[in-house]
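I have placed the structure first, in the form of structure tokens, so that the comments after it can refer back to it.
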Amino acid sequence: MRKKIAAANWKMNLTWQQGNELVQALLGATPSIQDSHQVILSVPFPYLASVNSMVQSTSGYQVAAQNCHHLAAGAYTGEVSAIMLASLGIPYCLVGHSERREYNGETNAVLAEKLQRCSENSIRPIFCCGEPLTIRDQEQQNEYVARQLQESLFVLSKEQVGHAVVAYEPIWAIGTGRTASSAQAQAMHQHIRKVLADHYGQELAERIPILYGGSVKASNADELFGCPDVDGALVGGASLVASEFTAIVRSLCKS
Ligand code: 13P
């Protein structure tokens, strides 16, 4: 069975003091996570090593980087490679968040390279996809998301994709307070699983966790996690508040 995952994405928020307190509060409030579930904290680069060691002794908790460079190494001042992340023992990395696509011009082709760099270094990618509002208004979201998968994720072999996680984050729902309805989320997740099954086979598609992201909060988590193809959430704003994220983790653990 695929894992159920609650992933936090802190984005560019919190000082180290605030982040440290937040991690301690989370570990204190939800110390034991069953094997079938996982909590992933996607924290800014400078905090990765410390948070990684803070969660080592608590089963069910992992860390993720929020990005990595698409090349292995070289004269790219300020960048961070997948090799560096692997050398710190970082198990996961977000790839293709819509904010990076928009503000850093990351194309499907560049994201395919990032996915390869992650896989070569045994880092599990959390591949983000999702459509803007204009595409949703034209009812073209299924084709749009299928293309993001085809042009980026499908660079991975069957074996590699078995370690990946997909996160569906409709751009119109990110940071807007406007969550996709559970019916909209389920429909897209089912579609994504079918696109994965058509390419990689049904058995593999059934094993890949598909997370929903976009204004997930404690108050809507139960309903989203009740959808058969929603295997968890990628949470932005609500992951910065210990009580909110703890409640989301508890919701996940019940599902
Ligand atoms: P919000 O939960 O703040 O809408 O952000 C979602 C997101 O972008 C997670 O990666």
For the hydrophobic clusters of this structure (ILVMFWY residues joined by side-chain heavy atoms under 4.5 Å, transitively), does one cluster hold both [X] and [Y]?
X: I5; Y: V161; value: no
X: V249; Y: V55; value: yes
X: I208; Y: V95; value: yes
X: I135; Y: I171; value: no
X: I90; Y: L41; value: yes

Practice task
Before accepting this row, confirm whether a basic side-chain N of the pair R193/D231 lies closer than 4.0 Å to the acidic partner's carboxylate O.
Solution key: yes

Problem - Under-4.0 Å salt bridge between K217 and E244 - result: no

[X] and [Y]: which non-hydrogen atoms are nearest, and at how many Å?
X: V216; Y: A238; answer: O-CB, 3.4 Å
X: L115; Y: P125; answer: CD2-CB, 3.5 Å
X: A173; Y: T179; answer: CB-CA, 4.3 Å
X: K114; Y: R100; answer: NZ-NE, 4.3 Å
X: P209; Y: A164; answer: CD-O, 3.8 Å
X: Q148; Y: C129; answer: OE1-CB, 3.1 Å

Is there a donor-acceptor pair under 3.5 Å between the side chain of [X] and the backbone N or O of [Y]?
X: H191; Y: N142; answer: yes
X: S239; Y: F245; answer: no
X: T58; Y: Y61; answer: no
X: R101; Y: G96; answer: yes

Just how far is it from atom [atom1] of [X] to atom [atom2] of [Y], taken to the nearest 0.5 Å?
X: E206; Y: R2; atom1: CD; atom2: CZ; answer: 5.5 Å
X: S32; Y: H37; atom1: OG; atom2: NE2; answer: 12.0 Å
X: N121; Y: C68; atom1: CG; atom2: SG; answer: 8.5 Å
X: N9; Y: L211; atom1: CG; atom2: CG; answer: 11.5 Å
X: H163; Y: C118; atom1: NE2; atom2: SG; answer: 13.0 Å
X: L224; Y: S251; atom1: CG; atom2: OG; answer: 9.0 Å

Check this for me: [X], atom [atom1], are more than 12 non-hydrogen atoms of other residues, nucleotides or ligands nearer than 6.0 Å?
X: E223; atom1: CD; answer: no
X: E21; atom1: CD; answer: no
X: K3; atom1: NZ; answer: yes
X: R147; atom1: CZ; answer: no
X: N104; atom1: CG; answer: yes

pair [X]-[Y]: side-chain heavy atoms closer than 4.5 Å:
X: V63; Y: P91; answer: yes
X: N20; Y: S50; answer: no
X: D222; Y: K254; answer: yes
X: F127; Y: L94; answer: no

Problem - Worked verdict on Q184 versus Q141 for side chain to side chain contact (heavy atoms under 4.5 Å, CB included) - result: CA-CA 11 Å; Q184 285 172 320; Q141 67 272 12; over 6 Å; no

[X] and [Y]: side-chain donor and acceptor closer than 3.5 Å?
X: Y92; Y: Q38; result: yes
X: Q190; Y: D229; result: no
X: Q66; Y: S42; result: no

Exercise for the section: Carefully, step by step, assess Y168 and E131 under the rule side-chain hydrogen bond (donor to acceptor under 3.5 Å, both in side chains). Expected result: CA-CA 9 Å; Y168 168 60; E131 79 287 354; 2.8 Å; yes

Exercise for the section: Show your reasoning for whether side chain to side chain contact (heavy atoms under 4.5 Å, CB included) applies to Q116 and S119. Expected result: CA-CA 5 Å; Q116 280 174 311; S119 288; 5.8 Å; no

Practice task
Mind running side chain to side chain contact (heavy atoms under 4.5 Å, CB included) on I192 and V145 for me, showing each step along the way?
Solution key: CA-CA 8 Å; I192 290 172; V145 169; 3.9 Å; yes

Practice task
Could you tell me how the ring of W16 sits relative to the ring of Y47: parallel (under 30°), tilted (30 to 60°) or perpendicular (over 60°)?
Solution key: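 Rings of W16 and Y47: tilted, as their planes differ by 30° to 60°.
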
Practice task
Answer with yes or no after comparing the ring centroid distance for Y212 and F225 against a 6.0 Å cut-off, counting only values under it.
Solution key: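 Distance test on ring centres: not under 6.0 Å, no.
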
